[in-house]
Amino acid sequence: MLKLVWALLPLSLLVGCVAEQSETVMPAPKPVIARLTEPRVIGLGESVKGQPIVATVFNDGPRPVLILGGIHGDEQTSVDLTRNLIELLKHDVSLAGGKSVAIIQVANPDGYAMNRRTNAHGVDLNRNFPASNYRTVMQTKSPKGRYGTAAASEPETRALLRALENFNPRLIISIHSISDHRECNNYDGPAMDVAQKMSALNGYPVIDNIGYPTPGSMGTFCGIDRQIPMITLELPRGGSGVEAWSRNKDALIAGIKAR
Ligand SMILES: [Zn+2]
């Protein structure tokens, strides 16, 4: 017995030595599966109240499709969609067809936590972009004005501008909700074909004009001023997140693959 122990000892030392050496010379490659399914999370900034604003990136690559929810904090089903989409792609990234995609689950985290449209300053972030038609609207209710004291006055808007600068997205899908059966695939810039593909799957009409002025909106800044294809997906207000997801899951995947 003693002989056996002595006989094994040098061998075990040798094995340890070889393992250590090979680790130094050639590190084991990460499994491919892990690289495909583990998204990269990128910090973009913070809300007025210090909540992080982050993008979850799948199939890391140049010019991802940028998808965002909750720029209006009271449109909570939009966040159900971005959350579900992140979970879906974590589970099976092959659904994106190898296309890069960056998802901002909640663009206005303070508004989302308070279930209100505006950020903590009372500013409508989708009117705070430095678009050609930006204007301030001072109201006594919001000390900073409903559209902000100036374009990009709000940290959340600046986080989204940072996303645009970092990602240079090939397509943007911003998810909202709207009342009175006006749900739609609203497009700005060269994105009619994408809106049509999404419409074929979610059944909402394609429109190029929401029908009321939207000064300082992301759609104007990105789609009209900069000609970045942009879809404003308007879900039916008051519907359930589960229903909105089942209706739009394939439309969002089609949007990702469209460009
Ligand atoms: Zn909205």
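Both counts, for ligands and for their atoms, begin at 1 and track the order of listing. Remember, it's a predicted structure, so these values are computed and weren't measured experimentally. Because only heavy atoms are used, hydrogens play no part in the values below, and waters and symmetry mates are left out as well, while side chains stay in.
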Original post:
Does the side chain of Asn119 come under 3.5 Å of the side chain of Glu156 through a donor N or O and an acceptor N or O?
Top reply: yes

Subject >> Atom nearest to the Zn ion (ligand 1) - His176, N, O or S atoms considered >> reply: ND1

Subject >> Atom of His72 closest to the Zn ion (ligand 1), considering N, O or S atoms >> reply: ND1

Subject >> Donor-acceptor contact below 3.5 Å, side chain Arg259 vs main chain Leu171 >> reply: no

Original post:
Only one of Thr118, Asn108, Asp124 clears side chain to side chain donor-acceptor pair (under 3.5 Å) with His72; which?
Top reply: Asp124

**OP:** Give a yes or no on whether a salt bridge exists between Arg117 and Glu75, defined as a side-chain N under 4.0 angstrom from a carboxylate O.
**Re:** yes

Subject >> Contact check: Glu75 to the Zn ion (ligand 1), N/O/S below 2.8 Å >> reply: yes

